[in-house]
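Notes follow once the structure below has been shown.
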Amino acid sequence: MGDLVCSAQFNYLIDLPWLLQQYPPEKRKCPLLVVHGDQKDANIRKAAAPYPNVTLFKARLEIMFGTHHSKMMLLAYREGLRVVIHTANLIPKDWDQKTQGVWVSPLFPAKSSVTPSKSETVVNGGKETGFKQDLLEYLKAYGGRGLEEWKQRISDHDLSAARVRLIASVPGAHTGGEMNKWGHLKLRKVLSTCSSLPCGATPSDWPVIGQFSSVGSLGPAPSQWLTSEWLTSLSSSSSSSASSSKKPRTLTTQHKMPPLKLIFPSVENVRTSLEGYMAGGSIPYAANTAAKQPYLRDFLHQWRAEETGRTRAAPHVKTYMRVSPDQREAAWILITSCNLSKAAWGALEKKGSQLKIRSYEIGVLFLPSDQETSAGHTSFSVATMHPHGPGAGSSSVPGMGMRLVTPFDLPLTPYTREDQPWVWNARHMKPDSKGNVWTPP
Ligand SMILES: O=C(O)c1cnc2c(S(=O)(=O)O)cccc2c1O
């Protein structure tokens, strides 16, 4: 992977001694910047005291209920720079028996090592995904001066080999030009300009799938946010916006909504997981929140991953994607820290004039048109459980381009009539895979 010089770790839950142990022994004294959101930072400051090479940066969280959810590594090697965007906390149990998601960038060369005449956009002939400028914009949003060194280091490297788009959230009441830079409006902007469904496809027949490990308060009816503002963004595409080009493009343009399918662990999925009910300690859906939105259950599907042998590895990954009616193709897939909450994705306020985001989040969007192997294609072929048929297990479907293995099985498995969504502050008395019951205080 390279000869590490220094690194930065952005995260939520951080076990510092454990983290340092994960670096090769000869690299444990390299400069390490830890970006966290612990406003009462006495604990992490005490933890960092024995390590002179560790610098802490406390992210500002000025809006109530916001958290620093973003999980990212910036790794500076002698040979270049690597960016890792993922979903795991920096604590042992997140890396032991759970299902997580990670994007590891190519090794980005220092600009001085690329012939100066070539501008970044033409290196590798790939279309610019704006990854570098979006990453710099994200770091700039933290404010203060503690990230200057890393902003400079990123500026000094050529990131044009990044074949993903950055979808991030930063806390704030974003208005005007800032609105489309963050959260679900950034995703809406990217999808409506850069993502198209295969020609002939009917957008309202292509479901949106959301998979996550926690849920916020979404309002008393799905039409308040979930199937209106949020689904409008996730079901955007240049094909759908083209159809509505006749109407003035406003933030609240409502095209006909496609089906929405959500994946969230049932009590039974948690009970039978490798960790048993303990897995539920990282699936913090509160019973009182769930009780306010019983409608959510109608959208829910079980966590199932027989294809990858991970059905019992409880999900902490968060993925969102747009699939064809037969679920054999995907128009895009997003791996992100965002759970299903307004705090993470943002909620429009003041008649749609501002987008209120409470937390820091970061994720990467994969578009077929950005991938070399499927540049000419408008969809990924999805390796699925479908028996027979071209997508089942084969390398890639002829004429479809890059093959996508999703973290969960397609087609999806609905909840049974008895299934209930996991909530972490209610009693669950049927013994779990370890013979334990769950009786929170
Ligand atoms: O990965 C994250 O970003 C994240 C965030 N929050 C968590 C909470 S809680 O803050 O909601 O109480 C409780 C347990 C696990 C959590 C977690 O894994």
Side-chain angles (χ1 to χ4, degrees), residues 9-16 18-19 22 34-41 43-44 58-59 61 63-73 84-103 138 142 167-171 183 210-218 263-265 267 269-270 273-290 292-293 296 303 313-320 334-346 357-364 407 421-426 428 438 440-441:
Q9 294 282 354
F10 295 65
N11 218 298
Y12 173 73
L13 297 174
I14 302 156
D15 174 339
L16 205 48
W18 174 84
L19 170 59
Q22 308 319 306
V34 173
V35 179
H36 66 91
D38 191 347
Q39 303 306 297
K40 299 183 292 302
D41 54 356
N43 290 339
I44 194 160
K58 179 169 69 176
L61 278 167
I63 299 179
M64 289 279 285
F65 309 117
T67 54
H68 185 260
H69 258 191
S70 297
K71 297 166 174 70
M72 173 165 68
M73 306 182 188
V84 178
I85 291 174
H86 63 107
T87 63
N89 285 294
L90 297 172
I91 59 175
K93 75 173 180 177
D94 266 45
W95 297 72
D96 188 19
Q97 296 183 301
K98 298 180 186 295
T99 296
Q100 302 278 7
V102 61
W103 171 74
Y138 174 73
Y142 280 86
I167 307 290
S169 294
V170 296
Q211 176 274 317
F212 39 84
S213 60
S214 188
V215 188
S217 194
L218 306 176
I263 303 167
F264 181 75
V267 175
N269 293 157
V270 175
S273 73
L274 295 168
E275 300 168 270
Y277 288 128
M278 286 290 281
S282 301
I283 306 173
Y285 191 17
N288 41 314
T289 305
K292 288 188 300 186
Q293 46 203 35
L296 192 72
W303 169 259
H316 193 260
V317 59
K318 292 92 175 146
T319 39
Y320 301 83
L334 171 69
I335 298 186
T336 172
S337 58
C338 286
N339 280 307
L340 186 63
S341 76
K342 294 179 182 178
W345 288 96
I357 295 178
R358 298 177 185 276
S359 298
Y360 292 85
E361 308 280 352
I362 197 162
V364 286
W422 166 263
V423 286
W424 76 329
N425 57 341
H428 301 289
W438 184 259

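No hydrogens, no waters, no symmetry mates; every other heavy atom, side chains included, goes into these values. Both ligands and their constituent atoms are indexed starting at 1 by order of listing.
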So what's ligand 1 close to, N/O to N/O, under 3.5 Å?
from     : atom 1 : to   : atom 2 : distance (Å)
ligand 1 : 1 (O)  : K71  : NZ     : 3.2
ligand 1 : 1 (O)  : N89  : ND2    : 2.9
ligand 1 : 1 (O)  : H316 : NE2    : 3.0
ligand 1 : 3 (O)  : H69  : NE2    : 3.2
ligand 1 : 3 (O)  : K71  : NZ     : 2.8
ligand 1 : 10 (O) : Y12  : OH     : 2.6
ligand 1 : 18 (O) : N89  : ND2    : 2.9
ligand 1 : 18 (O) : H316 : NE2    : 2.8

For this session: Could you tell me whether the side chain of D96 reaches within less than 4.5 Å of the side chain of E275, counting heavy atoms only?
Result: no
* To do: Check the angle between the aromatic planes of Y360 and Y142 and answer parallel, tilted or perpendicular using the 30° and 60° thresholds.
  => parallel
- Message: Are more than 12 heavy atoms, taken from residues, nucleotides or ligands other than M73, located less than 6.0 Å from that residue's CE atom?
- Response: yes
One should read off an interatomic distance between Y285 OH and N339 CG, to the nearest 0.5 angstrom, of 11.5 Å
Distance col, row D15:CG vs D94:CG, nearest 0.5 angstrom, shows 11.0 Å
field: Check: F212 ring centre within less than 6.0 Å of W345 ring centre
entry: no
